[in-house]
Amino acid sequence: MLVGVISDIHDNIWALNDILKKLSDCDVLLCLGDLCAPFTMTAIEGGFDGPIHLVWGNNDGDKVTITESVSEDGDVTIHGIFGEIVLGDRSMAITHYPQIARALAGSGRYDLVCCGHSHEEEQTTIGETLLLNPGEVMGRFGTHSFALYDTETEKAEVRHL
């Protein structure tokens, strides 16, 4: 199963739309927060065909309207600030915050832990757990990035537009 991972969009719809096109082969999308406005959730849902798992970041202002913007017939799960997911036979945790992610990875309970917030891409192995930060869709530091994770090989790759 191929999993797309994005974070820190900050309403950059133009980069988001380009990244979503590159995620068309993915079976599932993990969104790690900082969408900002409700129209960003609408763009994510409209641009990705499979299940979407979302956690809140520190810049998701109108959570009520973001939640209401999710289509009733869509496949979006909003987990709050922390989510546990099993995809294939891989156990995953998602959060926006790196300090929480490091603790989760250190627990040894997950195959993959994903976070955002820093806008900096990272892949680190803690024990048997892969800690993955896909970087940022926004482009604050000059690059627009996303990650792919293969549940069969347990390998992740960060890519850029």
Side-chain angles (χ1 to χ4, degrees), residues 1-13 15-20 22-23 26-45 47-48 50-63 66-67 69-70 74-87 90-107 109-126 129-141 143-151 155-161:
M1 178 180 295
L2 190 59
V3 180
V5 186
I6 59 174
S7 189
D8 296 283
I9 301 159
H10 293 274
D11 292 341
N12 188 336
I13 295 298
L16 174 64
N17 287 336
D18 289 342
I19 286 173
L20 289 172
K22 295 187 178 291
L23 297 173
C26 292
D27 301 293
V28 177
L29 179 64
L30 308 179
C31 183
L32 308 175
D34 281 4
L35 286 70
C36 291
F39 64 80
T40 301
M41 185 68 238
T42 303
I44 293 168
E45 189 176 16
F48 188 79
I52 300 166
H53 293 271
L54 168 71
V55 289
W56 298 125
N58 60 303
N59 283 298
D60 294 315
D62 189 352
K63 293 177 182 77
I66 291 171
T67 301
S69 73
V70 172
D75 195 2
V76 177
T77 303
I78 300 175
H79 294 273
I81 63 168
F82 165 74
E84 287 185 306
I85 306 160
V86 176
L87 298 174
R90 302 292 175 229
S91 176
M92 302 175 191
I94 57 174
T95 184
H96 183 68
Y97 302 99
Q99 64 274 33
I100 296 171
R102 287 195 185 287
L104 291 167
S107 76
R109 292 182 52 196
Y110 305 99
D111 298 302
L112 175 69
V113 175
C114 297
C115 65
H117 187 63
S118 69
H119 295 241
E120 297 175 8
E121 55 195 67
E122 177 183 4
Q123 286 190 63
T124 304
T125 302
I126 299 174
T129 301
L130 176 61
L131 175 62
L132 174 65
N133 185 328
E136 59 173 346
V137 172
M138 175 187 184
R140 173 180 167 200
F141 295 125
T143 61
H144 310 280
S145 60
F146 61 97
L148 301 172
Y149 175 77
D150 187 322
T151 61
K155 302 288 183 205
E157 176 184 359
V158 175
R159 293 189 180 175
H160 302 99
L161 283 182

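Counting from 1, the numbers follow the sequence of the chain as shown. Computed from a predicted model, the values in this text were never measured in an experiment.
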Derivation of the side chain to side chain contact (heavy atoms under 4.5 Å, CB included) call for Asp60 and Leu54 | CA-CA 11 Å; Asp60 294 315; Leu54 168 71; 5.6 Å; no

Side chain to side chain contact (heavy atoms under 4.5 Å, CB included) assessment of Phe39 paired with Asp11 | CA-CA 8 Å; Phe39 64 80; Asp11 292 341; 3.7 Å; yes

Tell me the closest heavy-atom pair linking [X] and [Y], and the distance in Å.
X	Y	result
Leu131	Ala105	CB-CB, 4.5 Å
Phe48	Asp27	CZ-C, 4.1 Å
Gly83	Val55	N-CG1, 3.9 Å
Cys115	Pro98	SG-CA, 3.8 Å
Thr67	Trp56	OG1-CZ2, 3.6 Å
Ile13	Ala43	CD1-CB, 3.9 Å

Rounded distance [0.5 Å steps], [atom1] in [X] versus [atom2] in [Y]:
X	Y	atom1	atom2	result
Ile44	Leu20	CD1	CG	6.5 Å
Ile52	Met41	CD1	CE	4.5 Å
Leu16	Phe146	CG	CZ	11.5 Å
Asp111	Thr129	CG	OG1	7.0 Å
Ile6	Leu32	CD1	CG	8.0 Å
Tyr149	Leu112	OH	CG	5.0 Å

Using atom types as modelled and distance alone, determine if a side-chain donor or acceptor of [X] lies under 3.5 Å from a backbone N or O of [Y].
X	Y	result
Ser145	Glu136	yes
Asp34	Ile9	no
Asp18	Ala15	no
Thr95	Ile81	yes
Thr151	Met1	yes

I would like to know whether Glu157 and Lys155 meet salt bridge (Lys or Arg N to Asp or Glu O under 4.0 Å); could you show each step before the answer?
-> CA-CA 7 Å; Glu157 176 184 359; Lys155 302 288 183 205; over 6 Å; no

Quick one: are Leu148 and Leu23 in side-chain contact, heavy atoms under 4.5 Å?
->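 Heavy-atom side-chain distance check passes, below 4.5 Å.
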
Sub-4.5 Å side-chain heavy-atom contact between His96 and Asp8 =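 Yes - at least one pair of side-chain heavy atoms lies under 4.5 Å apart.
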
Residue pair Glu120 / Ser118, side-chain donor-acceptor N/O under 3.5 Å =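 Side-chain D/A pair, Glu120 to Ser118: absent.
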
His117 vs Tyr97 aromatic rings, parallel, tilted or perpendicular, using cut-offs 30° and 60°?
->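 Correct class here is tilted.
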
What's the verdict on side chain to side chain contact (heavy atoms under 4.5 Å, CB included) for Met92 and His53, showing C-alpha distance, side-chain angles and the deciding distance?
-> CA-CA 11 Å; Met92 302 175 191; His53 293 271; over 6 Å; no

Among His144, Glu121, Lys22, side-chain hydrogen bond (donor to acceptor under 3.5 Å, both in side chains) partner for His160 =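 That would be Glu121.
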
Take Leu130 and Gln123 through the side chain to side chain contact (heavy atoms under 4.5 Å, CB included) test and state the conclusion after the steps.
-> CA-CA 7 Å; Leu130 176 61; Gln123 286 190 63; 4.2 Å; yes

